[in-house]
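Have a look at the structure below before the remarks.
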Amino acid sequence: MTELVHCTVADAVATITLDSPHNRNALSRQLVTELFEHLRAAAADDTVRVVLIDSSGKVFCSGADLSEATADGMEEGARRIVELQRLIVSLDKPVVVRAYGAVRAGGIGIVAAADIAVANESATFALTEVKLGLAAAIISLTVHYRMNPRAAALTTLGGEVFSGADAAAYGLVTLAVPEEEIDERVAAVCRSLASGAPQGLRESKRILNADLLARIDARGDELAALSARLFASDEAREAMTAFLSRKR
């Protein structure tokens, strides 16, 4: 089986790369499982002080793998995405995301769960669930925590595409930079974070994320169940079938 997520460690930074071009880095069972494994390995590696999540190609993540969700149902997958967000939020090392290119649905949850996110200004984001008879339920745990309320309403109810520059203005990402500068800015952020002492990084992150972690623990099960109910509905199945047919 071809590996869909790779990890390299250099200069105290573990770089975890999503590399599943055949489905635009969709959150398939395999990709999510490998992402969990690499995150946990980085957490256990004493040489690592910072974790960077990036992607190959021009798509960071296209969200849930709808072909799997349509065939198998959503409950297990929804719970795994809740767990993934929780792992990123609770990891004792800062997590940085390089949000380059297209970011959709569940991919936005990864961006929001990270401590720092850097996007290119022309990146595109969209909470498209509303167009499919669904709701941005499980990722609302992190996304709505980061975004200002008016921006959350606009993007969640509208489901329209917004830019990396918009994402920075809305509070979803930390920085939006010109495309040619993103690698340099991400590297600079990682170097700065890596200069922190492990105990200082750990305890500072715990203070910063205490409320977000409590939010995930309080509402994760409820919102995963809601996602499963919506995916199983006739309205959503009809919309997803039509969407998958158009893609073919």
Side-chain angles (χ1 to χ4, degrees), residues 27 53 60-64 74 77-91 94-177 189 204-231 233 235-236 239:
L27 297 172
I53 302 175
F60 176 74
C61 178
S62 60
M74 186 59 183
R79 292 186 187 282
R80 289 286 279 170
I81 301 307
V82 172
E83 291 172 14
L84 176 60
Q85 292 175 102
R86 190 186 193 284
L87 177 58
I88 293 170
V89 169
S90 64
L91 205 75
V95 178
V96 178
V97 162
R98 175 185 179 273
Y100 180 83
V103 191
R104 298 290 184 270
I108 301 180
I110 295 174
V111 171
D115 301 290
I116 297 172
V118 182
N120 56 309
E121 292 172 339
S122 58
T124 61
F125 295 76
L127 295 163
T128 55
E129 291 88 345
V130 69
K131 305 289 191 181
L132 298 174
L134 306 171
I138 50 178
I139 65 168
S140 72
L141 293 164
T142 55
V143 172
H144 292 172
Y145 183 84
R146 302 293 189 197
M147 278 186 160
N148 73 62
R150 289 297 190 188
L154 176 66
T155 56
T156 302
L157 297 174
E160 303 296 341
V161 174
F162 56 100
S163 70
D166 291 330
Y170 296 163
L172 177 61
V173 304
T174 313
L175 299 169
V177 300
V189 167
S204 296
K205 176 164 176 173
R206 288 178 180 178
I207 292 168
L208 285 165
N209 288 352
D211 290 345
L212 177 53
L213 193 59
R215 173 185 172 90
I216 294 171
D217 288 342
R219 301 203 64 198
D221 287 345
E222 165 203 346
L223 292 173
L226 172 61
S227 283
R229 289 199 302 274
L230 293 176
F231 263 86
S233 69
E235 180 179 336

Contacts satisfying side-chain hydrogen bond (donor to acceptor under 3.5 Å, both in side chains) that involve residues 101-110 (not counting sequence neighbours) are Arg104-Thr124
Residues at least two apart in sequence or cross-chain that pass salt bridge (Lys or Arg N to Asp or Glu O under 4.0 Å) with Asp115, listed by chain then number, are Lys205
Item to check | Evaluation steps, side chain to side chain contact (heavy atoms under 4.5 Å, CB included), between Thr156 and Ser140 | outcome: CA-CA 9 Å; Thr156 302; Ser140 72; over 6 Å; no
Correct closest heavy-atom pair for Asn120 and Gly101 would be OD1-N, 3.2 Å
Closest heavy-atom pair, Ile81 versus Leu27, reported as atoms and distance to 0.1 Å, is CD1-CD1, 3.9 Å
Phe125 and Val173 have their tightest heavy-atom pair at CZ-CG1, 4.0 Å
Ile216 vs Tyr145, test: side chain to side chain contact (heavy atoms under 4.5 Å, CB included). Steps then yes/no. CA-CA 10 Å; Ile216 294 171; Tyr145 183 84; over 6 Å; no
Look at the side chain of Thr128 and the backbone N and O of Gly159, then say whether any donor-acceptor pair between them is shorter than 3.5 Å. no
When rounded to the nearest 0.5 Å, the distance separating CG of Leu127 from CD of Glu160 is 11.0 Å
| said: Are there over 12 heavy-atom neighbours, none belonging to Glu222, within less than 6.0 Å of that residue's CD? | reply: yes
Separation between CD1 (Ile108) and OG1 (Thr155), nearest 0.5 Å, reads 7.5 Å
*Dump the intermediate steps for side chain to side chain contact (heavy atoms under 4.5 Å, CB included) on Ile53 and Ile88, then the final yes or no.*
CA-CA 10 Å; Ile53 302 175; Ile88 293 170; 4.2 Å; yes
Sorted by chain and residue number, the side-chain contact (heavy atoms from CB on, under 4.5 Å) partners of Asp217 (sequence neighbours excluded) come out as Arg86, Leu213
Ser204 meets the side-chain hydrogen bond (donor to acceptor under 3.5 Å, both in side chains) criterion, sequence neighbours left out, with none
For Arg215, the salt bridge (Lys or Arg N to Asp or Glu O under 4.0 Å) test, sequence neighbours excluded, returns none
Quick one: does any side-chain atom of Asn148 pair with a main-chain N or O of Ala151 as donor and acceptor, under 3.5 Å?
yes
_side chain to side chain contact (heavy atoms under 4.5 Å, CB included) for Val118 and Arg98? Distances and angles first, verdict last._
CA-CA 5 Å; Val118 182; Arg98 175 185 179 273; 5.9 Å; no
So CZ of Arg146 and CG of Leu172: to nearest 0.5 Å the spacing works out to 9.5 Å
So does Arg79 have more than 12 non-hydrogen atoms from other groups sitting under 6.0 Å from CZ?
yes
When rounded to the nearest 0.5 Å, the distance separating CG of Leu91 from CZ of Arg206 is 10.5 Å
Nearest heavy-atom approach of Lys131 to Ala239 is O-CB, 4.5 Å
| query | Between the main-chain N or O of Ala112 and the side-chain N or O of Gln85, is there a donor-acceptor pair closer than 3.5 Å? | reply | no
Contacts of Tyr170 meeting ring-ring contact (aromatic ring centres under 6.0 Å, His included) (sequence neighbours excluded), chain-then-number -> Phe162
Note: Leu134 and Ala236 closest approach over all heavy atoms is CD2-CB, 3.6 Å
Looking only at heavy atoms, the pair that brings Val97 and Ile110 closest together is CG2-O, 4.0 Å
